[in-house]
Amino acid sequence: MRVAQEAADKRKSLFIKLGVLVAVLAVIALIVGIVLQNNAGKVADSGAVPKGGNEAGGITLTSDTTVAGTSGLTVDVTQAGTKPTEAKAPAPRDAEAAPKGEPVNLLIYVDVNCVHCASFEEQYADQISTWLAAGDVQVEYRNVAYLDGGSPTNYSSRGANALACVADQAPASYLPFAKGLFAHHAQGEMKNAELAQLAKDNGADVSSCIEDGTFRSFVKFTDEASRVDSIGGTPSVFIQGKYWDANAEPDFVSVVNAAIAANK
């Protein structure tokens with residue numbers, strides 16, 4: 001009986017030690033997982049600008065199939081400036097009126113997770129494409145990530161990165177991809193693989209750029225700079241450097257057409 005009891009005690013001690021070891025390993029695995037997840041979610045403060053992009057955080061379309069001839073630029077979030085401590089009028093950097101005889105400048109701030117942006121795109125995307133094709137306007141999109149705080153997957157940032165990837169590698173696909181992206185809003189957030197497939201469906205094979213988050217630093221800068229410039233929400237539209245107040249002038253098409261006529 002004594003021998004049997006000693007054997008039982010040894011087994012019990014072994015089970016306790018094994019249980020402690022398993023618990024310790026589980027805690028270590030959890031910590032490692034959290035660290036890896038946090039590291040994966042970190043975005044560098046500085047990084048490359050996509051082709052067609054600028055140092056203000058925008059992507060400029062010069063026609064319905066082309067972007068501005070800029071490349072090799074970089075941005076740094078630490079150089080975005082200081083956010084105002086009190087409400088100020090929107091003052092987007094580098095926003096100005098095009099010279100007489102040139103295409104009218106449109107500057108548009110959007111967030112891919114914004115329902116109002118989705119409505120704006122649904123209503124005006126085709127018209128904007130028509131103006132671009134005719135050489136009547138030049139459009140600069142600044143894709144911000146204001147709504148990342150309410151997204152468990154940072155969808156605004158990931159969507160903006162996808163737009164930058166398409167602009168960089170397949171400019172002719174930018175407008176159709178953007179249209180498809182905003183049209184998907186009602187169906188909810190998309191995974192990276194779905195963003196890549198949508199881009200491919202619109203002629204842009206940018207899966208590695210999307211998965212790697214190649215332009216997440218650029219998006220981070222665009223978002224920070226827009227806050228510094230007091231852009232309070234999306235969509236925010238500037239026509240020839242002047243804010244378009246949809247409440248005061250609800251007919252967007254007429255306002256832009258008037259600007260086009262005045263600049264010829």
Side-chain angles (χ1 to χ4, degrees), residues 33-61 67-68 70-81 83 92-94 108-114 117 140-171 173-174 177-178 180-182 184-185 188-200 202 204-229 231 234-236:
I34 292 173
V35 170
L36 290 175
Q37 184 177 10
N38 288 340
N39 287 338
K42 288 182 179 178
V43 177
D45 284 340
S46 60
V49 172
K51 292 176 184 175
N54 58 47
E55 293 171 319
I59 297 173
T60 302
L61 279 63
V67 296
T70 55
S71 62
L73 303 177
T74 59
V75 288
D76 189 333
V77 173
T78 63
Q79 304 301 314
K83 285 182 277 190
R93 61 194 67 194
D94 298 342
I108 306 175
Y109 289 84
V110 290
D111 184 315
V112 302
N113 214 6
C114 162
C117 297
E140 180 182 345
Y141 282 101
R142 295 186 183 176
N143 300 301
V144 299
Y146 283 10
L147 298 177
D148 263 358
S151 167
T153 68
N154 295 321
Y155 181 57
S156 296
S157 288
R158 292 189 300 105
N161 173 71
L163 285 164
C165 290
V166 173
D168 184 70
Q169 298 183 32
S173 297
Y174 187 92
F177 173 66
L181 187 58
F182 283 103
H184 190 275
H185 180 274
E189 299 184 2
M190 303 176 74
K191 298 178 180 178
N192 282 347
E194 294 172 312
L195 289 169
Q197 186 59 54
L198 179 62
K200 193 170 184 178
N202 286 282
D205 189 357
V206 292
S207 57
S208 60
C209 180
I210 290 175
E211 191 59 41
D212 294 342
T214 301
F215 296 110
R216 285 289 297 272
S217 296
F218 176 68
V219 174
K220 185 177 180 180
F221 174 86
T222 305
D223 185 80
E224 185 66 20
S226 68
R227 297 171 193 269
V228 171
D229 296 343
I231 307 302
T234 54
S236 284

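Model, not experiment: these values are computed from the prediction. Computed from heavy atoms alone, side chains included, the values below leave out hydrogens, waters and symmetry copies.
- Looking only at distances, no side-chain donor or acceptor of His185 sits under 3.5 Å from a matching main-chain atom of Val112.
- In this view, Val49 and Leu73, Val75, Phe218 satisfy the side-chain contact (heavy atoms from CB on, under 4.5 Å) rule, not counting sequence neighbours.
- Contact detail for Ala199 and Val166: the closest heavy-atom pair is CB-CG2, 4.1 Å.
- By the 4.5 Å heavy-atom criterion applied to side chains, Tyr146 and Arg227 are counted as neighbours.
- Nearest heavy-atom pair, Ile59 versus Ala164, reported as atom, atom and distance to 0.1 Å: CD1-CA, 3.8 Å.
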(request) Could you go through the side-chain hydrogen bond (donor to acceptor under 3.5 Å, both in side chains) check for Asp205 and Gln169 one step at a time? (result) CA-CA 8 Å; Asp205 189 357; Gln169 298 183 32; over 6 Å; no

(request) Evaluate the side chain to side chain contact (heavy atoms under 4.5 Å, CB included) criterion for residues Arg93 and Val228: first the C-alpha distance (whole Å), next the side-chain angles of each, then the deciding distance (0.1 Å), finally the verdict. (result) CA-CA 9 Å; Arg93 61 194 67 194; Val228 171; 3.5 Å; yes

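- The side-chain contact (heavy atoms from CB on, under 4.5 Å) search around Pro171 returns Val67, not counting sequence neighbours.
- Identified under the side chain to side chain donor-acceptor pair (under 3.5 Å) test for residues 43-53, with sequence neighbours left out: Asp45-Lys220.
- Two residues are said to be in side-chain contact when any heavy atoms from C-beta on lie closer than 4.5 Å; Glu189 and Pro152 meet this criterion.
- One distance of note links NZ of Lys83 with CG of Asp229; it measures 12.5 Å at 0.5 Å rounding.
- Across every non-hydrogen atom of Thr70 and Gly53, the tightest pair is OG1-O, 2.6 Å.
- The minimum heavy-atom distance linking Ser173 with Asn202 is given by the pair OG-O, 2.7 Å.
- Among residues at least two apart or in separate chains, side chain to side chain donor-acceptor pair (under 3.5 Å) pairs with a member in residues 156-166 are Asp111-Ser156, Asp148-Ser157, Thr153-Arg158, Arg158-Asn192.
- With sequence neighbours left out, the side-chain contact (heavy atoms from CB on, under 4.5 Å) criterion links Ser217 to Val43, Ala44.
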(request) Step by step, work out the side chain to side chain contact (heavy atoms under 4.5 Å, CB included) result for Tyr141 and Leu163. (result) CA-CA 10 Å; Tyr141 282 101; Leu163 285 164; over 6 Å; no

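- Here the CZ atom belonging to Phe182 is positioned 9.5 Å from the CZ atom belonging to Phe177, to the nearest 0.5 angstrom.
- In terms of modelled atom types and a separation under 3.5 Å, the side chain of Asp223 and the main chain of Ala145 share a donor-acceptor contact.
- Annotation: side chain of Ser236 is not in contact with side chain of Ile108 (no heavy-atom distance under 4.5 Å).
- With sequence neighbours excluded, the residues that form a side-chain contact (heavy atoms from CB on, under 4.5 Å) with Glu194 are Met190, Lys191.
- Taking all atoms of both residues into account, the shortest heavy-atom contact from Glu224 to Ala80 is CG-CB, 3.8 Å.
- There is a side-chain donor-acceptor pair under 3.5 Å between Thr78 and Asp76.
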(request) Show your reasoning for whether side chain to side chain contact (heavy atoms under 4.5 Å, CB included) applies to Asn54 and Thr60. (result) CA-CA 8 Å; Asn54 58 47; Thr60 302; 3.8 Å; yes

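- Interatomic distance, CZ of Arg216 versus NZ of Lys42, reported as 14.0 Å (0.5 Å rounding).
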(message) Show, in sequence, the C-alpha distance, side-chain angles and deciding distance for Tyr109 and Thr222, and conclude whether the side chain to side chain contact (heavy atoms under 4.5 Å, CB included) test is met.
(response) CA-CA 10 Å; Tyr109 289 84; Thr222 305; 5.7 Å; no

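- To the nearest 0.5 Å, atoms CG (Asn143) and SG (Cys114) are separated by 11.5 Å.
- When side chains are defined from C-beta on, Arg142 does not count as touching Val110, because their heavy atoms never get closer than 4.5 Å.
- Among all heavy-atom pairs drawn from Leu181 and Gly159, the shortest one is CD2-O, 4.1 Å.
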